[in-house]
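For reference, the structure is listed below as structure tokens.
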Amino acid sequence: MIKLIGNPKVKKKSLKNVAILLIIIFLAYVITFNVINGDAVKAITCGYATRKLPIYRVEREDKVVAISFDCAWGNEYTQNLLDNMEAYGIKSTFFMVSFWAEKYPEDVKRIVDKGHEIGTHSKTHSHMSKFSSDAIDEELVYSRRVIEGISNTKIELFRAPFGEYNNLLLERAEKLGLYTIQWDVDSLDWKDLSAKDISLRVISKVKNGSIILCHNNGKHTAESLPLIFADLTAKGYKFVKISELIYKDNYVMLNDGTQIKQ
């Protein structure tokens, strides 16, 4: 215990100085420890995740991003999406609910033929964070089997309906060999924003390693793509499929959902 004798004001000031000194020593220790791993800033400002998280974005030094489309209802604009991406040489990721894939199998095949990849968006597009372990497995196993059968491709990516998740859902998906993918850039195209508003929103939020959320049947999504692609490619960004963006092993998660290489 530190015992100070004399003027109370001096005592108070001395204790304050001791506290500041202890804080400085602690921060110096944290910074020194983490500099060894190159993660000082992350450890202080963000921190490593202490619970399971899906991948919201990926820490990348290069200017790569991924654009994705959730498919649950309708296919009116799917061909327009494919045409606009082909015009710019863009490859993307489509997350499909299995009943969508069953209803529009030709669209599924067309998406694959154009070089895009597919992930599952569940069987019934339900609130899976409320499901039991067995119910989760039924959603994931069934949907993956159906989509793989139609597309003749292996499914390794999963996006939870409504973006809702808990530890059990993430654990079951991982157990089944699926990477759960969230997003850090929400186009809000489902609100029927104009093409200009969608593009401005996406462009303003994108950074290295971003995952962009769109929907295949957004009313103005297809129209927004040329605006997004023209702007971001001019700034040096490259669009890749999510499987090419994420790390498959030797990674850790920050508590904001950023995946970083270990």
Side-chain angles (χ1 to χ4, degrees), residues 39 41-42 44-49 51 53-72 77-78 80-82 84-85 87-95 116-117 119 121 157-165 170 179-247 251-261:
D39 294 324
V41 174
K42 299 185 193 69
I44 295 173
T45 63
C46 188
Y48 296 113
R51 60 190 179 93
L53 289 170
I55 301 169
Y56 283 74
R57 65 173 291 269
V58 181
E59 182 182 71
R60 297 282 298 249
E61 294 184 1
D62 49 345
K63 301 183 76 169
V64 292
V65 297
I67 189 166
S68 61
F69 303 91
D70 289 358
C71 306
Y77 305 108
T78 304
N80 292 341
L81 295 176
L82 295 175
N84 285 336
M85 284 190 282
Y88 282 84
I90 303 295
K91 303 303 179 187
S92 67
T93 304
F94 286 78
F95 289 94
H116 306 283
E117 74 177 345
H121 196 32
L157 305 176
F158 163 58
R159 174 169 286 159
F162 310 104
E164 296 176 355
Y165 60 88
L170 299 179
Y179 296 91
T180 303
I181 308 298
Q182 201 80 339
W183 61 85
D184 67 315
V185 179
D186 189 347
S187 69
L188 293 183
D189 58 349
W190 58 272
K191 290 188 173 184
D192 290 343
L193 300 181
S194 69
K196 181 178 179 181
D197 286 342
I198 292 171
S199 65
L200 290 175
R201 180 177 175 80
V202 170
I203 291 165
S204 68
K205 295 180 178 296
V206 159
K207 53 189 173 183
N208 292 9
S210 280
I211 298 173
I212 304 165
L213 169 66
C214 296
H215 297 79
N216 75 300
N217 221 38
K219 189 173 181 180
H220 301 292
T221 306
E223 299 171 51
S224 74
L225 294 186
L227 302 175
I228 294 170
F229 297 153
D231 185 280
L232 293 181
T233 55
K235 292 175 180 174
Y237 284 99
K238 178 184 178 183
F239 287 81
V240 298
K241 294 177 281 191
I242 288 176
S243 64
E244 299 170 339
L245 179 72
I246 65 174
Y247 303 118
Y251 67 84
V252 294
M253 299 294 295
L254 299 185
N255 60 23
D256 67 347
T258 299
Q259 185 195 44
I260 65 174
K261 192 72 174 175

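- Panel note: side chain Ser204, backbone Leu200; a donor-acceptor pair is recorded below 3.5 Å.
- Separation of atoms CG (Leu157) and CD1 (Ile242) is listed at 6.0 Å; rounding is to 0.5 Å.
- The closest side-chain heavy-atom distance from Ile228 to Tyr237 is not below 4.5 Å.
- You'll find the side chain of Thr258 stays beyond 4.5 Å of the side chain of Val58, heavy atoms only.
- Between Lys207 and Asp184, the shortest heavy-atom contact is CE-OD2, 4.1 Å.
- For Tyr179 and Phe158, the distance between ring centers is not under 6.0 angstrom.
- A salt bridge between Arg159 and Asp70 is present, with a side-chain N of the basic residue lying under 4.0 Å from a carboxylate O of the acidic one.
- Under the 3.5 Å distance criterion, the side-chain polar atoms of Ser199 are left unmatched by any main-chain donor or acceptor of Leu227.
- Looking at Asn84, its side chain does come within 3.5 Å of a backbone N or O of Ala222 through a donor-acceptor pair.
- For the pair Phe95/Cys71, no side-chain contact is recorded, criterion being any heavy-atom separation below 4.5 Å from C-beta on.
- The main-chain N or O of Glu61 is found under 3.5 Å from a side-chain atom of Asn208 such that the two form a donor-acceptor pair.
- Side-chain contact between Phe239 and Val65: present, with at least one pair of heavy atoms (C-beta onward) separated by less than 4.5 Å.
- Two residues are said to be in side-chain contact when any heavy atoms from C-beta on lie closer than 4.5 Å; Glu244 and Lys91 fail this criterion.
- Taking 4.5 Å as the limit, every side-chain heavy atom of Tyr88 sits out of range of all side-chain heavy atoms of Leu225.
- Asp62 places no side-chain N or O within 3.5 Å of a backbone atom of Val64 that could act as its donor or acceptor partner.
- Judged by distance alone, with hydrogens and angles left aside, the side-chain atoms of Ser187 form no donor-acceptor pair with the main-chain N or O of Val202 at under 3.5 Å.
- Taken from CH2 in Trp190 to NE2 in His215, the straight-line distance is 8.5 Å, to the nearest 0.5 Å.
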(request) Give the intermediate values and the outcome of salt bridge (charged side-chain N to carboxylate O under 4.0 Å, His left out) for residues Arg201 and Asp197. (result) CA-CA 6 Å; Arg201 180 177 175 80; Asp197 286 342; over 6 Å; no
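- Of all heavy-atom pairs between Leu81 and Phe94, the closest is CD1-CE2, 4.4 Å.
- For Gln259 (side chain) and Tyr247 (main-chain N/O), a donor-acceptor pair under 3.5 Å exists by modelled atom type.
- With rounding to the nearest 0.5 angstrom, the CD atom of Glu117 is 3.5 Å from the OG atom of Ser243.
- Using modelled atom types, one side-chain atom of Lys63 and one backbone atom of Lys235 make a donor-acceptor pair closer than 3.5 Å.
- Nearest heavy atom pair, residue Thr233 against residue Ala230, reads OG1-O, 3.4 Å.
- Distance check, rounded to the nearest 0.5 Å: CZ of Arg57 to CG of Leu245 gives 9.0 Å.
- Side-chain contact between Met85 and Ser92 is present, with at least one heavy-atom pair separated by less than 4.5 Å.
- Side-chain atoms of Ser210 never come within 3.5 Å of backbone atoms of Ile212 as a donor-acceptor pair (strictly under, hydrogens ignored).
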